[in-house]
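Since the structure comes first, as structure tokens, the remarks are kept for the end.
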Amino acid sequence: MDKQTYYEATKKMESLGVEPDYIIGWQTGFLRSPKVEAQRITPPYEAGYNDGLEGKTDSHGSWAKQ
């Protein structure tokens, strides 16, 4: 895990107004942590988790608030 990538990606997503569930999912996936309970998984969380697992830092665009 690259701490710099984690912090820079999180800061960028927050500044762009990305859905909080996506950010939390991305952070969880990036850190390779277990997912939240099944009843708390939302589409933004799932997308963020998968992107985080893959180390993607530029796939959050569709989850930014317009």
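Note that the coordinates shown come from a computational prediction; the quantities given were computed from them, not determined experimentally.
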Pairwise side-chain contact, Leu53 with Arg32, heavy-atom cut-off 4.5 Å (strictly under):
yes
Mutual orientation of the aromatic rings belonging to Tyr22 and Trp63 [parallel < 30°, tilted 30-60°, perpendicular > 60°]
parallel
Can you check whether Phe30 reaches Thr5 side chain to side chain, under 4.5 Å on heavy atoms?
yes
Measuring only between side-chain heavy atoms, which start at C-beta, is Glu46 closer than 4.5 Å to Lys35?
yes
Is there a donor-acceptor pair under 3.5 Å between the side chain of Ser15 and the backbone N or O of Lys12?
yes
Treating Ile, Leu, Val, Met, Phe, Trp and Tyr as nodes and any side-chain heavy-atom pair under 4.5 angstrom as an edge, say whether Ile41 and Val18 lie in one connected cluster.
no
Do side-chain atoms of Tyr45 reach the backbone of Val36 as a donor and acceptor pair under 3.5 angstrom?
yes
Interatomic spacing from NZ in Lys11 to CG in Leu16 - rounded to 0.5 Å
12.0 Å
For Lys56 against Trp26, the heavy-atom pair lying closest together
O-NE1, 2.6 Å
Check: Asp51 and His60 side chains under 4.5 Å, non-hydrogen atoms
no
If you look at every heavy atom in Asp21 and Thr42, which pair is closest and at what distance?
OD2-OG1, 3.0 Å
